[in-house]
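Let me begin by presenting the structure, written as structure tokens, before commenting on it.
Chain identifiers are assigned alphabetically (A, B, ...) following the order of the sequence lines, protein sequences preceding nucleic acid strands; residue numbering begins at 1 within each chain.
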Amino acid sequence: MQLREIFETMEWGPAPESAGEALDWIAGHGGRFGHFVGGRFAEPGETFETKNPATGEVLAEVTQASAAEVHAAVAAARAAQPGWAALSGHGRARHLYALARGVQRQARLFAVLESLDTGKPIRESRDIDVPLVARHFSYHAGMAQLMASEMPGRVALGVCGQIVPWNFPLLMLAWKIAPALAAGNTVVLKPAEWTPLTALRFAELCRQVGLPEGVVNIVTGDGAVGEAIVTHAGVDKIAFTGSTEVGRLIRRATAGTGKALTLELGGKSPYIVFDDADLDSAVEGLVDAIWFNAGQVCCAGSRLLVQEGVAELFHAKLRARMDRLRVGDPLDKAVDVGAVVDPEHRARVARMVAAEQEGEVWHAACAIPEAGAYYPPTLITGLSPASPLVQEEIFGPVLVSGTFRTPEEAVQLANDTRYGLAASVWSENLNLALGVAPRLEAGVIWVNGTNMFDAAAGFGGLRESGFGREGGWEGMLAYTRPSGEAAPLAHVAPMTGEGSEQGLDRTAKLYIGGRQARPDGGYARDVFGADGRLLAQVPVANRKDVRNAVEAARKAGLWAQATAYNRAQVIYYMAENLSARAAEFADRLDAMTGSGEGAAEVEASVARLFHWAAWADKWEGRIKPVPLRGTALAMRAPVGVIGVLCPDESPLLGLVTCLGAAMAMGNRVVAVASEPYPLAATDFYQVLETSDVPAGVANVLTGAHAELAPVLAAHMDVEAVWSFSSSDVSGAIERESAGNLKRTWVNHGRARDWAGAEGESVAFLEAATEVKTVWVPWGE
Amino acid sequence: MDGRSETAERTGAGLPQTWTARNAGMPLDLDWVRSVQANRSAIERRCATLPGRRSVKKAHQAAWLCKAISLIDLTTLSGDDTEGRVARLCAKARRPVRADLLEALGMEGLTVGAVCVYHEMVAPAVAALKGSGLPVAAVSTGFPAGLSPFRLRVAEIGESVAAGAQEIDIVISRRHVLTGDWEALYDEMAQFRAACGAAHVKAILATGELGSLRNVARASLVCMMAGADFIKTSTGKESVNATLPVGLTMMRAIRDYHARTGAKVGFKPAGGISTAKDALTWLALVKEELGRDWLDPALFRFGASSLLGDIERQLEHHVTGAYSAGWRHALA
């Protein structure tokens, strides 16, 4: 084209990034890759192709791992783990630092490889993915350095199986490997079938920087390989990022095995624009929210909610902005939206959009290449909340939009979803933005921004977006456990006997919604004392009682908004009232258990309530030093409704420990009493009744743990289930929890010292709270 | 859309902005002004990532740099300006790039957009530019502080127009913005515009002294409502001059004003833009936010003195493949 012609048209012109070096690297491996196990690349085996989605060209052939190869990788990791964990924190830090520097030195190669394999624009892989990868290793070099002093009593889990998705192959690898290694774990990581190349280049880097053999192992292949990792008995923890559907399968597959699990799953994150927002900036934010990586981002702001008064104007601005997006060759430095990851995925996105008749579909009027897996930036307005496009993750460059009238309605609509990963709030009013942000059911909330990430700030979701956090101190928790082995927990059988009650008849009931309630089934079971005499008959709760209790707990949501001081006062008051009846409770405990330690347990229970009341206003969040003029607030939010299978062996202390910790953090509880010794709990509801505990905050059921645990675990309106039961219910709880992917905390048949330090561990507070990270940029 | 087909308020031969209608202004709409928001962090993010999102290479880069030259208000605003100095500047304005380079680029006849001087230098500049078609812009109204008596500021416009200036760069009273006295700003601007007559008026906001981007956005809007043909970032004398966030804020105001009224108002960043790379980033931002129509001397100018030198070196590099040196290009 003549220069003068360009002078007139002022077109952008091509700005290509060369693929030469990256292709040379692939060619240097003969275009074929084996697994990276025990510090070396194995010979390629049965292979599959990985392609460039922008062109359809085959980039390389990669090996499909067999079960034996997965086993070899796990074995290599296992062999390396003790030595790696035994290295000093500083020793591990040096290795992680070397990885960070290595990524920086090879930054352009990693970026080009990533764009070739995924179809994402080079601008993103170069300016976002790869710098964040280096940042993550650097940050966790620091974690390795500080772990011994700052996380006393915590040790590595062992061998971690890690499965990462195709949307951010290298970045998700970094998010998985860096904290795992920092804590002293070794890993077997599987990159996604569509995008294995940067992981293989990373494997080479591990060798180049002298990482000890076997610390990082990379195996490639499809879902079957992932399954082999998940089900491998030699793996101590699974960390998965990917679809909610597969996350559910993994939850079920690992249930009852004792493997630790973190899941970072899908999302349908709301993007809320209030009428006082800087609308142009909010429009620009959407470009980063939903057209970043062509919308193939778990935390994509894919669900726009605009205040009615500005909706028309906002949509007009948005459409105009969409028309200026440049879609095309991912290796063009001036392209905004590249190809989606695979033609198959493109077809899936197109099918989802085509299947919905409702709403107005609007495609950006920008040019789209004819060949390659491209999908145009799309806005769909006029959808009702019932539309599948509003509810389900599209995982493509498709934005759905709705309107709201009031802040209250914005919160309701935003939270009307099965997911809970991220959210954005746009307003120039501090009261409004900071008032709305914590009320959003999401693990990450951005005020006047979107898709901001940093290794220091936790990332992860609620609800069906998974559990666990990546990044920050909270991320390190997910790769460590308390040191020491817990003793096995023996099953505690109820006392048997016969005989009759003595004294005035006292009918134990269930305690639901602040009232004593008869069981739905109308049955009661005998509770015998240690001496064989009948102490009482307690209700046998069934699934409907669970339903009623959860409903009552759900209604008691104001408890979460009560001040911490207020919650502390209520718990202190519980302690006061328990103390006043100490003798009675002690007698009851002694009658049930025959241990003669009733008085001590009551005394410990009073102290335990004091303990949690003390914590109520001291379990503080953190302020994260993220690279931003502003801050990221890691707030501790209550989990919600927690179902607790109380410990059998410690009928009162166990109950008040769980109840106190959960309540102190603002949760509502459905507690299933000690199965063999339920009367401490049924007596305790009288303490609840006299202690200003709002109705529904604490609910007490009695009945068979094996029957009630799966019902609680499967209940979609319960956010978490804890079990310290001596019945074998851990597996069932983990399995059933897959329904809504609630958090679980179960004992796997291991004992806990309720009277000692374990009973007042901050682990209870961790389990009772979610870290919500609110990013707040500021500055006028 | 071809802006040239619009009915234009013809403003006389020689002005580049004859193809687009002048902004007629509108009554002050305070509801609109007060509803304008500008989120600094988000605006800065947009500006910080833009250079990474857009780059022009090779022939396109050379063409864009030629475009940048055509958009320059070649400026001298010094106390020691003389007729000789201004004559030299005007000669450079006519022939901004060495002839052999322009020939190699196929861009013969390329000139800068205008020459910008103080009032006393208007007449010499007009004389020096005679026959070139290049307009002379005069900074006015007590530039740079704008704190001389109001009637003198208005009179100064008239003097400069009489001396042959076809563009008047006025400075607004920053105090009206800082105190939120939008009526006063509107009235002042409207009187300046009236005093300009057929000459085009550029409103210098002195954004470095306005305190916030929101103030920049609101002041931009008020000046457009009062009939500014251009809004301009800075005098070049403030400690902070043309920054991208300020530019983006002003461009968005221009875009909103255009969407609401149909009038296209020009934009002039001035001060601190000194490299070819800076110029390309600015042009990319203009194309992104306002569109191709604004990449035209009628709607966009760089207020710059040293920018041209760097562009010349880059153009020679494009032609020869070897990096250039300053002394190979004529001084202004």
Could you look at A:Glu284 and say if it's the side chain, the backbone, both or neither that has a heavy atom under 4.5 Å from chain B? side chain
Taking C-beta and beyond as the side chain, do A:Val112 and A:Glu17 meet within less than 4.5 Å on heavy atoms? yes
For residues B:Leu283 and B:Val56, determine if any side-chain heavy atom of one lies less than 4.5 Å from a side-chain heavy atom of the other. no
Which atoms of A:Asp332 come close to chain B, meaning under 4.5 Å heavy atom to heavy atom: side chain ones, backbone ones, both, or neither? neither
Comparing A:Thr450, A:Asp275, A:Leu279, A:Asp288 against chain B, the one with the most heavy-atom pairs below 4.5 Å turns out to be A:Asp288
Note: vs chain B, highest number of non-hydrogen pairs under 4.5 angstrom among A:Pro16, A:Ser281, A:Gly449, A:Gly13 is A:Ser281
Side-chain (A:Arg4) to main-chain (B:Glu108) donor-acceptor, under 3.5 angstrom: yes
Just wondering, do A:Arg321 and A:Val287 contact through their side chains at under 4.5 Å, heavy atoms? yes
When the 4.5 angstrom heavy-atom criterion is applied to A:Ala277 and chain B, the contacting part is backbone
For B:Ser70, is it the side chain, the backbone, both, or neither that has a heavy atom closer than 4.5 Å to a heavy atom of chain A? side chain
Looking at every heavy atom in both A:Ala632 and A:Thr773, which two are closest together, and how far apart are they? CB-CG2, 3.9 Å
Heavy-atom distance under 4.5 Å to chain A: side chain of B:Ala284, backbone, both or neither? both
Side chain from CB out, backbone as N, CA, C, O: work out which of these in B:Leu65 comes under 4.5 Å of a heavy atom of chain A, or both, or neither. neither
Heavy-atom pairs under 4.5 Å with chain B - which of A:Gly779, A:Pro777, A:Ala316, A:Ala334 has more of them than the others? A:Ala334
Best-contacting candidate, B:Lys57, B:Glu44, B:Met107, against chain A by heavy atom pairs under 4.5 angstrom: B:Met107
When you compare the side chains of A:Ser401 and A:His315, does any donor N or O come within less than 3.5 Å of an acceptor on the partner? yes
Tell me, for A:Asp127 versus chain B, whether the close heavy atoms (under 4.5 Å) come from the side chain, the backbone, both or neither. side chain
Side chain, backbone, both or neither: which part of A:Arg326 has a heavy atom under 4.5 Å from chain B? both
Side chain from CB out, backbone as N, CA, C, O: work out which of these in A:Pro14 comes under 4.5 Å of a heavy atom of chain B, or both, or neither. both
Below 4.5 Å, heavy-atom pairs only: which of A:Arg324, A:Glu124, A:Met10 has the largest tally toward chain B? A:Met10
Go through the steps for A:Phe168 and A:Phe453 under the test ring-ring contact (aromatic ring centres under 6.0 Å, His included), then give the verdict. CA-CA 13 Å; A:Phe168 295 90; A:Phe453 310 103; 7.2 Å; no
Side chain, backbone, both or neither: which part of B:Asp256 has a non-hydrogen atom closer than 4.5 Å to chain A? side chain
Can you name the one residue among B:His329, B:His317, B:Arg313 that meets side-chain hydrogen bond (donor to acceptor under 3.5 Å, both in side chains) with B:Ser324? B:His329
Which atoms of B:Leu248 approach chain A - backbone, side chain, both or neither, heavy atom under 4.5 Å: neither
Check whether NZ of the Lys or CZ of the Arg B:Arg218 lies under 6.0 Å from the centre of the six-membered ring of B:Trp182 and within 45 degrees of that ring's axis. no
Contacting region of A:Trp778 [heavy-atom separation from chain B under 4.5 Å]: backbone
Heavy-atom closest pair (A:Met322 atom, A:Ala364 atom, distance to 0.1 Å) is O-CB, 3.4 Å
